[in-house]
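The basis for the numbers below is simple: all heavy atoms, side chains too, and nothing from hydrogens, waters or symmetry mates. Note that the coordinates shown come from a computational prediction; the quantities given were computed from them, not determined experimentally.
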Amino acid sequence: MSEEEKKNNVEEKTVPRPEGYTIVKYLEFVVIFCFIIGVLLSIPLYKMFKDDKLLSYGVLLAGGLFFWFIGHKFTEVKVNLRVTDKGLEQTRLSGSRFCQKYRLIEWKNMSRYYLNPRGLTQGMDFLVFVYSGNSFRISMPFIRIFEKQKNNDDNLEDFKEVFLEKASKYGVERDFFDG
């Protein structure tokens, strides 16, 4: 690999954006789906050890956790979030290619938002509904074994405060079912 290709590869992995809020997020529904697939794929092994109940259930749990880990690592992404007068900007700094490199949601395209300040729904912490395109979602894992960033929750809370202030200024409504 040439020096230029190496340099471009390193730049693509880490883009410094100190003016926003850097968080690590996941596609929690994919991680849960991977856990379920792991449990289902472990059923043949479960049947092999059906005489020993503890071992058979352990096999199911181990299969689920193994696939949960794979799904977790596969969808993990570090992003920088900025709230500007134009809208909400997200820039992927490193991680999963399932997340867009850059996304801007303008205030006029936002219909409403959902915050989960009291932890009513585990795994979904922030959701912005848009008139056209995909909704913007930030999911944080409710099982925190692999904490990539120690101040992840603090950064998300700071981001939410700034977003709430700007959203009310631009007329974006809070979701009716939000606590």
Side-chain angles (χ1 to χ4, degrees), residues 1 5-38 64-117 119 121-164 166-167 170 172 175 178:
M1 190 181 288
E5 288 175 347
K6 287 181 184 177
K7 182 180 176 187
N8 288 340
N9 195 18
V10 168
E11 287 175 1
E12 186 176 304
K13 287 181 182 177
T14 306
V15 179
R17 299 284 296 212
E19 64 273 4
Y21 301 93
T22 302
I23 64 165
V24 178
K25 67 179 193 169
Y26 310 87
L27 294 175
E28 192 68 26
F29 64 93
V30 173
V31 173
I32 292 170
F33 180 72
C34 287
F35 177 81
I36 292 168
I37 293 296
L65 289 177
F66 177 72
F67 276 82
W68 173 82
F69 175 76
I70 290 173
H72 196 278
K73 289 300 178 185
F74 194 61
T75 63
E76 179 180 282
V77 64
K78 188 178 206 176
V79 296
N80 180 269
L81 303 171
R82 290 184 57 209
V83 181
T84 65
D85 289 331
K86 194 171 187 179
L88 173 61
E89 295 180 19
Q90 173 186 283
T91 305
R92 182 184 72 214
L93 301 177
S94 64
S96 176
R97 302 274 185 214
F98 290 115
C99 180
Q100 296 174 344
K101 183 74 175 157
Y102 177 81
R103 182 175 183 192
L104 171 67
I105 303 171
E106 295 181 0
W107 293 111
K108 63 184 177 188
N109 194 28
M110 294 182 202
S111 62
R112 62 191 192 284
Y113 62 90
Y114 174 85
L115 294 177
N116 192 13
T121 307
Q122 293 286 343
M124 184 177 73
D125 292 311
F126 183 74
L127 178 63
V128 176
F129 298 99
V130 295
Y131 291 116
S132 61
N134 294 331
S135 296
F136 177 78
R137 177 183 312 260
I138 297 176
S139 295
M140 304 293 274
F142 58 90
I143 299 173
R144 306 274 175 103
I145 295 175
F146 310 103
E147 189 69 32
K148 278 289 204 178
Q149 188 171 322
K150 295 297 180 202
N151 58 351
N152 214 21
D153 290 331
D154 295 337
N155 284 348
L156 183 61
E157 291 303 316
D158 293 343
F159 164 73
K160 285 179 184 180
E161 286 179 25
V162 172
F163 181 83
L164 283 172
K166 290 275 189 176
Y170 288 100
V172 180
D175 192 52
D178 191 7

pair Tyr21-Asn80: side-chain heavy atoms closer than 4.5 Å: no

Approximate separation, where rounding is to 0.5 Å, of Thr84 OG1 and Glu89 CD: 4.5 Å

Other residues, nucleotides and ligands only: do more than 12 of their heavy atoms fall within 6.0 Å of CZ on Phe136? yes

Can you give me the closest heavy-atom contact between Asn155 and Thr22, atom names plus distance? ND2-O, 2.7 Å

Partner residues of Phe74 under the ring-ring contact (aromatic ring centres under 6.0 Å, His included) criterion, sequence neighbours left out: Phe98

As an exercise, state the distance from NZ of Lys73 to CH2 of Trp68, rounded to the nearest 0.5 Å. 9.0 Å

Sequence-distant partners of Glu106, salt bridge (Lys or Arg N to Asp or Glu O under 4.0 Å), two or more places apart: Lys108

My understanding is that only residues two or more places apart in sequence, or in another chain, count here; which of them pass side chain to side chain donor-acceptor pair (under 3.5 Å) with Asp85? Lys166, Tyr170

Looking only at heavy atoms, what is the nearest atom pair of Ala167 and Tyr113, with distance? CB-CE2, 3.8 Å

With sequence neighbours excluded, what pairs up with Lys86 under the side chain to side chain donor-acceptor pair (under 3.5 Å) test? none

Can you tell if the side chain of Cys34 reaches within under 4.5 Å of the side chain of Ile70, non-hydrogen atoms only? no

Compare every heavy atom of Arg112 with every heavy atom of Val172, then report the nearest pair and how far apart it is. CG1-CA, 4.0 Å

For Gln100, what residues pass the side chain to side chain donor-acceptor pair (under 3.5 Å) criterion, not counting sequence neighbours? none

Phe159: which residues meet the ring-ring contact (aromatic ring centres under 6.0 Å, His included) condition with it, sequence neighbours left out? Phe126

For Tyr131 and Trp107, I'd like to know if the aromatic rings sit close, meaning centre-to-centre distance below 6.0 Å. no

Kindly compute the distance separating NE2 (His72) from CD1 (Ile32), expressed to the nearest 0.5 Å. 11.0 Å

Reported CG-to-CG distance for the pair Asn109 and Leu88, which is rounded to 0.5 angstrom: 11.0 Å

Could you measure the distance from the CD1 atom of Ile23 to the CG atom of Asp154? Nearest 0.5 Å is fine. 12.0 Å

Residue set satisfying side-chain contact (heavy atoms from CB on, under 4.5 Å) with Cys99, at least two apart, ordered chain then number -> Lys25, Val77, Val79, Gln90, Arg92

Minimum heavy-atom distance between Leu81 and Ile138, given as atom pair plus value: CD1-CD1, 3.4 Å

Looking only at heavy atoms, which two atoms of Phe67 and Gly38 are closest? And how far apart? CD1-CA, 3.4 Å

